[in-house]
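Working notes, structure below.
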Amino acid sequence: MKWSNYFIPTQKEAPKEAETISHKLMIRAGLIDKLSAGVYTYLPLGLKVLRKVENIVREEMNNSGAVELLMPSLQPASLWKETKRFDKMGKDMITFIDRHNREMIFGPTHEEVITDIVRKYVKSWKQLPIILYQIQTKFRDEIRPRFGVIRAREFLMKDAYSFDINEKGLDNSYNLMKETYKKIFSRCGLKFKIQEADSGVIGGKFSEEFVAEGECNELEVGHIFKLGTEYSLSMKAYFVDKYGKESPIYMGCYGIGVSRIIAAIIEGNYDKNGIIWPLSVSPFEVVIIPINMSDYEIKNISEKIYKDLIENGIDVILDDREESAGFKFKDADLCGFPYQVVIGKKIKEKKVEIKARSTNKTEDINFEKVTDYIKDILREEKK
RNA sequence: CGGGGCGUAGCGCAGUCCGGUUAAGCGCGCUUGGUUUGGGACCAAGAGGUCCUCGGUUCAAAUCCGAGCGCCCCGACCA
């Protein structure tokens, strides 16, 4: 990607409404734009990070044996009345009356919908256990949206639901998800702790939350629940066991705030100059900075290195703007790309400089060896 | 929903207390031309405003009064 063709509206100053570091940096680095309280656009760079996080979540969920599906955001209120949660959720739900005078809601979570699916199609112990999940936008009319995307009214969530024949099976599914979550958060470069939590309006017997470490006390990046038979009883989701007896399905549910992960990563990975992305979720792995675009040699070699890196499958952005060197350095640091390839005067000695964002260490290397060098360090880091 | 703060150019702000010629200002950003290019360059010229909205007071309102809307922070609440 060439910077001049892309869309990264960086800002020197953050709007005053942003107070937490992740919120400020997400706006300054051109990741998000606020439309309304708790409602954000993901700008191209932000979307790229979101997709990378999403894919890590998807990969690890799939590895665990969970199966992806996609449920609707629009749901009939009637479903929520079956479980008595329509009143329990109350004003946290965004509701409306459709033209046929039916009460509808924008899904804040999907226990009701998934249980409806399972009660329709799962009839026998032979179909269990199963874990179904989706990555989808949730809507919650938060009492008080805050801290940018950390508490938003519309946000991307991965929600998974497990179905088992008994409590022991539920424990297995629960522990499987717990281990999967550890892998996901580690791959995202997050430091976290797991603590027992209140189950709140989701209900169930037992829950634990994954809390990311950072300056901002954000209420958590993941939460796992043992629901038991609460929903299966109220919604009549039964299966027939091997003795021919009908029993309620044991359920668990497991949420990850995908968009919240991004803020959590930033809270734990930044310095005075901006974001320091872990390689696994960085919007680009490498940024190429030609110091002077009107110098033909610098320009040509930058283009050459750029093409070379692309051909080798490296996610690279070329800062081909007619801006001063300092300006480009500031933007590169702010946006937090892990590696900067700086092409300047040293090109006369066939050398370019490679800087690691996280350590600030630089190394001069022959411009023809850049691709191999980058490939080596990326491979090393991805281990 | 209780408490606090804010709303003036894309962003950050001054001006509001004490109404009037500071007849709407500054920094950054933006446009054009030129010179630059290793840490948010310099010179010159320029563009950009329903001063949140509506109503009231007044000879006169960004400024005073009333209502509303929006945004942020603390709390309660929550995944």
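Keep in mind that what you see is a predicted model, and the values were worked out from it rather than measured. The sequence lines fix the lettering, A, B, ..., with proteins before strands; numbering per chain opens at 1.
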Anything under 30° is parallel, anything over 60° is perpendicular, the rest tilted; go ahead and classify A:Y181 against A:Y254.
perpendicular

Base of B:U37, side chain of A:S294 - is there a donor-acceptor contact under 3.5 Å?
yes

Answer yes if the ring centres of A:F284 and A:Y6 are under 6.0 angstrom apart, and no otherwise.
yes

So, is A:R144 near the phosphate of B:C1, with a side-chain N or O under 4.0 Å from OP1 or OP2?
no

What pairs of nitrogen or oxygen atoms, one from the protein and one from nucleotides 3-8 of chain B, lie under 3.5 Å apart?
from : atom 1 : to    : atom 2 : distance (Å)
B:C6 : O2'    : A:K16 : NZ     : 2.8

Looking at B:G40, does its base get a donor-acceptor pair with the side chain of A:D331 below 3.5 Å?
yes

Do the ring planes of A:Y40 and A:H23 sit parallel (below 30°), tilted (30 to 60°) or perpendicular (above 60°)?
perpendicular

Contact list for residues 355-369 of chain A, test salt bridge (Lys or Arg N to Asp or Glu O under 4.0 Å), sequence neighbours left out
A:D271-A:R357, A:D333-A:K355, A:D333-A:R357, A:K346-A:D364

How far does the P atom of B:C13 sit from the matching atom of B:C73, given to the nearest Å?
15 Å

By side-chain contact (heavy atoms from CB on, under 4.5 Å), A:D295 pairs with (sequence neighbours left out) A:N292, A:E297, A:I298

Using whole Å, what does the distance between atom P of nucleotide B:G29 and atom CZ of A:R321 come to?
13 Å

Under 4.0 angstrom between A:R140 side-chain N/O and B:C78 OP1 or OP2:
no

For A:D333 and A:A14, take the nucleotide of RNA chain B holding the closest heavy atom to each; which residue's nucleotide lies nearer the 5' end?
A:A14

Protein-proximity profile, nucleotides 41-52 of chain B, B/S/- by nucleotide at the 4.0 Å heavy-atom cutoff, equals S-----------

Suppose we screen for side-chain hydrogen bond (donor to acceptor under 3.5 Å, both in side chains). Which residues come up paired with A:N166, at least two apart in sequence or across chains?
none

Nearest 0.5 Å please: distance from the CZ atom of A:R102 over to the CZ atom of A:F96.
9.5 Å

Who passes ring-ring contact (aromatic ring centres under 6.0 Å, His included) against A:F192, sequence neighbours left out?
A:F185, A:F210

Between the side chains of A:K158 and A:E60, is the shortest nitrogen-to-carboxylate-oxygen separation below 4.0 Å, so that they form an ion pair?
no

B:G55 versus B:A62 - spacing of their P atoms, nearest Å
14 Å

Taking atom types as they are modelled, is there a donor-acceptor pair under 3.5 Å from the base of B:G40 to the side chain of A:E323?
no

So what does A:E209 hit on the nucleic acid, given a heavy-atom distance under 4.0 Å: a base, only sugar-phosphate, or nothing?
nothing

If we take the P atom in both B:G48 and B:G34, what is their distance in whole Å?
23 Å

